[in-house]
Amino acid sequence: MLQTLITPFIRQPPEAKIFTRNEYEKSTSGWYVCRVLATKGGYAFCRRKKPRTFTLSAQMSAESTLLWFRKGLRLHDNPALEAACKNAKHVHPVFIIDPWFMNPDKISGVRIKFLLESLEDLDSSLRGLNSKLHVMLGKPDEVLPKLFEQWNVKRICYEYDTEPYAVSRDERIKELAAEAGVEVISPVSHTLYDIDWLIQKAGGKAPLTYQSFTKLVDQVGPPPAALPPPTALPPPKSDALRLAAEAGLPGDGCVPSLTTLGYSELADGIGFPFTGGETTGLQQMHKHLSRKAWVAKFEKPMTAPTDFDPAATTQLSPYLKFGCISPRLFHSELVSIYRSTPGSSKPPVSLEGQLLWREFFYTTSVGTPNFDKMVGNPICKQIPWDNSPELLTAWEEGRTGFPWIDAAMTQLVTQGWLHHLARHAVACFLTRGDLFCHWERGRDIFDKHLVDSDWALNNANWMWLSASAFFAQYFRVYSPIAFPKKTDPDGKYVKHFLPVLKDMPSKYIYEPWTAPIEVQKKAKCIIGKDYPKPIVDHAMIHKENISRMAAAYNAAKALAGGSGGGGGKGASKTGSGKAAGGDKKSKQGSGTTTSNKRQKTLKDFSK
DNA sequence: CCATAGTTGGTCCT
DNA sequence: AGGACCAACTATGG
């Protein structure tokens, strides 16, 4: 009878051993066999020489299971949900509001609002299946043991998460589960592939270039197909909430409001333009997928960062971040469009390419120690960034005096989202382009405001833009004036996000300090009074910064050569390294003198 | 050891 | 719109 509850997933008779994606059994021939769902309906079997993540030893029946939602806030393509339902009488869907993620100084209300909407949507979908979401408050390692006991939990299922915070949190939960005699099942569904498995396939070393990563992906074949959503699931115990409260767990189990979490309500017009949650996420995804020609021709660099309402890209990133939509579902839908459309765009610029960028950065983030730091990070160039709190704050608050930069920062803070190229522009400006601030500071500010902020992607992209890793052509600097002109010569974007400049003539919109004073008066915007003067002289400073970057690169090379006491290879590198080192030392000297000039420049241009 | 190519620069020229 | 130039980096694959 329980079997009928989970019919969409399991067609075998109850006594048969059941496999799903991520679950392997060693066959008599020595291969591991894995059952995956094919696109619509049927099943396919995969054979592998090694199990991908883990092998389920047994399919024990469990009276009561716990389905722990963290990311993966969806019912479709949710293998943890499938595993929780298997042979279970009661399934308890839980989301724990971890105080770690509820700090208004570190995470903006815009993202929390999107999360709460996603939880509301998840709860409502679960209620449609005669279940509900139990929202708990507190640290997972304190809340879960109580629930294990109160609900007599025999199995906990949750989506595997590669972020360092999640990894250590989940390690602790595994220990606690073992103590409580609770089985743990943690399948992969946040990424296209199991990242650890991919790294293994790459010979234990994460590829450092996109090209070599896509070769790896071609080698291993397409990602597993997405699972369909359940049509029913075992109900939670009817007194589950009373039992939780008896254990001293606070809250009524419902999705809380922003204000109960210590956040203020968002003002009108503030927030991501679309509602959070699986329902809206799937709607938005299908809306974009229905424009097949657009999907097939999509090339990211050809989209305009200055487009807003509607934006030039899909804006699905927040839904992917929280797992409201499955990357595997999106991927398979894209592939089927490409198949039916000859001459469609390709990675890295295609939509599929965007998903592969995500996968690539997840892979490098897992394969690199101290990925979120400059110091101790083997792929990160060591650069002596200036750290001016004044410049950093001006950047965050949109007071740099460069309308394009300030408008983008305003969109970031008010909507929690920016077009990828606008992220490039402001990140380049903060780091190697103009302000020479540490990328970790910019990373923190993005992490605070972006609804889609993702640990691996955010760190990777900041290293990219600051030319600290992945990207080394530091002499290619975005101009805060020329770049937006290409797609928005009239400055519509700036005028929307910075209304103080709405009457400034297009001719001056990206460099309003050059407007004659009569023009400023007529536009009711005096530069230096109503809108700041530019904080730096871009034309001058970006050239100085290029030479500072060259000095840092050379210093790194010299260091690698000089201190490398390693093997034979090291010796040959030492020679060339030292030669290069001599060169750059002179350059480094000039870098210091220009840096003094730079201070003067700052004074001249600050408000 | 070497050649190659890299998600999306800016500027000036034709 | 497209190309040369700027001043020149590095992981990868041979």
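Side-chain atoms are counted along with the backbone in the values below, which use heavy atoms only and exclude waters and symmetry mates. Below, chain A is the first sequence line, B the second, and so on; all start at residue 1.
- Ring-base stacking between Phe475(A) and dC6(C) is not satisfied when judged by a centre separation under 5.5 Å and a plane angle under 30°.
- Out of dT8(B), dT12(C), dC9(C), the shortest distance to the side chain of Tyr553(A) is found at dC9(C).
- dC13(B) and dA7(C) have their P atoms separated by 16 Å, given to the nearest Å.
- Counting any heavy atom pair closer than 4.0 Å across all strands shown, Phe471(A) reaches no nucleic acid atom.
- Rounded to an integer number of Å, the gap from Lys485(A) NZ to dG9(B) P is 18 Å.
- Taking atom CD1 on Ile379(A) and atom P on dT10(C), their separation rounds to 14 Å, with Å as the unit.
- The separation of dA8(C) from dT4(B), taken at their C1' atoms, amounts to 14 Å, rounded to a whole angstrom.
- The side chain of Arg476(A) approaches dT8(B) more closely than any other nucleotide in the set dT10(C), dT8(B), dT7(B).
- In this structure, the nucleotide among dT7(B), dT12(C), dG10(B) sitting nearest to the side chain of His420(A) is dT7(B).
- Within 4.0 Å of Pro207(A), counting heavy atoms only, lie sugar-phosphate atoms of the nucleic acid but no base atom.
- Scanning all heavy atoms of the two residues, the minimum distance from Asp452(A) to Lys321(A) falls at O-CG, 3.5 Å.
- The shortest distance between the side-chain N/O atoms of Ser212(A) and the OP1/OP2 oxygens of dA11(C) is not below 4.0 Å.
- Aromatic ring orientation, Phe446(A) versus Trp395(A): parallel (interplanar angle below 30°, classes split at 30° and 60°).
- Across every strand in view, dA7(C) sits unpaired, with no contact that passes the Watson-Crick or G-U test at under 3.5 angstrom.
- A ring-centre distance under 6.0 Å is not found for Tyr362(A) and Trp357(A).
- You'll find that the side chain of Lys557(A) is closest to dC9(C), out of dC9(C), dT12(C), dT8(B).
- Among the heavy atoms of the strands lying under 4.0 Å from Lys381(A) are primed sugar atoms or P, OP1, OP2 only; no base atom is included.
- Note on Lys486(A): only backbone sugar-phosphate atoms sit closer than 4.0 angstrom, heavy atoms only; bases stay farther off.
- For Trp404(A) and dG9(B), the CH2 to C1' distance is 14 Å, given to the nearest whole Å.
- Note on Lys215(A): only backbone sugar-phosphate atoms sit closer than 4.0 angstrom, heavy atoms only; bases stay farther off.
- Among the atoms of the strands shown, only primed sugar atoms or phosphate atoms (P, OP1, OP2) are found under 4.0 Å from some heavy atom of Gln211(A).
- Tested against Arg443(A) for a side-chain hydrogen bond (donor to acceptor under 3.5 Å, both in side chains), the candidates Asp372(A), Asn459(A), Asn458(A) yield a single pass: Asn459(A).
- The side chain of His424(A) sits closest to dT7(B) out of dA11(C), dT7(B), dC9(C).
- Centroid-to-centroid, the aromatic rings of Tyr553(A) and Tyr474(A) come within less than 6.0 Å.
- Between dG13(C) and dT7(B), the distance separating the two P atoms is 13 Å to the nearest Å.
- Between the NZ atom of Lys543(A) and the P atom of dT11(B) there is a distance of 9 Å, given to the nearest Å.
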